[in-house]
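Only one structure is covered here, and it is reproduced in the block below.
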Amino acid sequence: MEKLVACVQKKPDAVCRLICFPWAGSGTSQLAQWGRLFNDSIEVFCIRLPGRETRVEEPFAKDMTSVVNEITSVLLKELKEKPFAFFGHSFGTYMSFAVALHLKEKYGLEPVHLFMSAAHAPNSAAYLAVKSIVLPDGHSDLLAIMEILGGNFELPHDENLWRDMALTFKEDARLFQTCSFEKTEINIPFSCDITYFCGSDDKIYDAKGWRELTSGDTSFYELPGDHLYLLKPSNESFLIKHMTRSIENGL
């Protein structure tokens, strides 16, 4: 559990858990800190994939199926224990959706709310187009891939940091391409509400399709900033308040 999940503030009396799925090339350092910002009714778990942070010695995951299987097997007890919601940003959106789909199909479990951010709807043509991009071998072309998969944001100037991030990003991009949502036999897989967030200066995402993936309500919010708009304190504050209210209303 500690290997897969970062939880900076345990809240045994929480009524709901928010499981966060980070963006490509990153780890748990940002989203795990949300655990200190939410009130005591919401406990925050952040997913840590192999090949980074405390799992740096492990090989990167080979495909999304193995990621989904690890997350569901490790967290199944916790997910059955009390209500949960998912927040995914960019690549993390696709990962969270894959886990949610698996939980619904195999165990009949569903989040009380899905918070999706800066990503194409998985039933859109834009998503399929990104999925079919051929990944480059060299670092130079990787910038183009980062822009396509990661959106518009400032890259680190530190060369070592850039190299590590580039390697992790490339592995996450490869992982993303193993996602398969086309086979789902459920036309409308969810009944929970879905909220979609994006940055005003990020590239345009095809998000309309989220409406077709739930019988619940779907809301859309554009916040000031680029692909990593969620790291701006004012936006972070908005997200925390909005997600708290949405989760509490959904219980």
Side-chain angles (χ1 to χ4, degrees), residues 4-7 16-28 30-32 34-35 38 42-50 52 61 63-76 78-79 83-107 109-124 127 130-131 149-151 172-173 175-181 184 186 189-198 205 207 209-214 216 218-221 227-228 230 239 242-243 246-247 250:
L4 175 74
V5 169
C7 178
C16 183
R17 289 191 178 95
L18 177 67
I19 319 292
C20 295
F21 297 78
W23 51 97
S26 73
T28 62
Q30 286 97 353
L31 297 183
W34 282 3
F38 277 94
I42 298 170
E43 184 176 49
V44 175
F45 283 3
C46 187
I47 299 298
R48 181 189 292 114
L49 293 180
R52 68 209 74 201
D63 54 37
M64 190 58 80
T65 301
S66 60
V67 168
V68 167
N69 288 340
E70 182 189 21
I71 293 169
T72 50
S73 63
V74 171
L75 289 184
L76 193 58
E78 281 70 23
L79 297 175
F84 61 93
F86 283 175
F87 174 85
H89 180 74
S90 193
F91 163 71
T93 291
Y94 304 118
M95 184 172 26
S96 68
F97 189 76
V99 173
L101 213 50
H102 183 68
L103 285 169
K104 183 70 186 254
E105 289 174 347
K106 191 167 181 186
Y107 302 102
L109 291 171
E110 186 173 0
V112 293
H113 206 111
L114 282 170
F115 300 101
M116 310 281 89
S117 172
H120 299 298
N123 53 355
S124 68
Y127 161 77
V130 175
K131 218 184 115 171
L149 276 185
D172 287 347
L175 201 56
F176 160 73
Q177 294 196 317
T178 68
C179 285
S180 183
F181 300 125
T184 176
I186 313 171
F190 302 110
S191 59
C192 64
D193 290 352
I194 295 178
T195 303
Y196 177 80
F197 304 102
C198 65
Y205 295 96
W210 290 111
R211 286 196 184 97
E212 298 162 17
L213 296 169
T214 184
T218 315
S219 314
F220 298 85
Y221 292 89
H227 190 63
L228 296 179
L230 70 173
L239 289 169
H242 186 84
M243 287 194 283
S246 300
I247 289 170

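Side chains included, hydrogens not; waters and symmetry mates left out as well; all remaining heavy atoms used. Keep in mind it's a predicted model, so treat the numbers as computed, not measured.
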Give a yes or no answer on whether the side chain of [X] reaches the backbone of [Y] with a donor-acceptor pair at less than 3.5 Å.
| X | Y | result |
| --- | --- | --- |
| Y94 | H120 | yes |
| D172 | G25 | yes |
| T218 | I194 | no |
| T195 | F115 | no |

For [X], give me all partners under side-chain hydrogen bond (donor to acceptor under 3.5 Å, both in side chains), at least two apart in sequence or on another chain.
| X | answer |
| --- | --- |
| S66 | D63 |
| E43 | R17 |
| N123 | E212 |

Measure the shortest side-chain to side-chain distance between [X] and [Y] over non-hydrogen atoms and say whether it is less than 4.5 angstrom.
| X | Y | result |
| --- | --- | --- |
| H89 | F197 | no |
| W23 | L31 | yes |
| M95 | I71 | yes |
| F97 | F21 | no |
| L213 | P122 | yes |
| W34 | L239 | yes |
| H102 | N69 | yes |
| T72 | L109 | no |

Response to the item:
Per side chain to side chain contact (heavy atoms under 4.5 Å, CB included), I47 is matched among L4, V67, V74 by L4
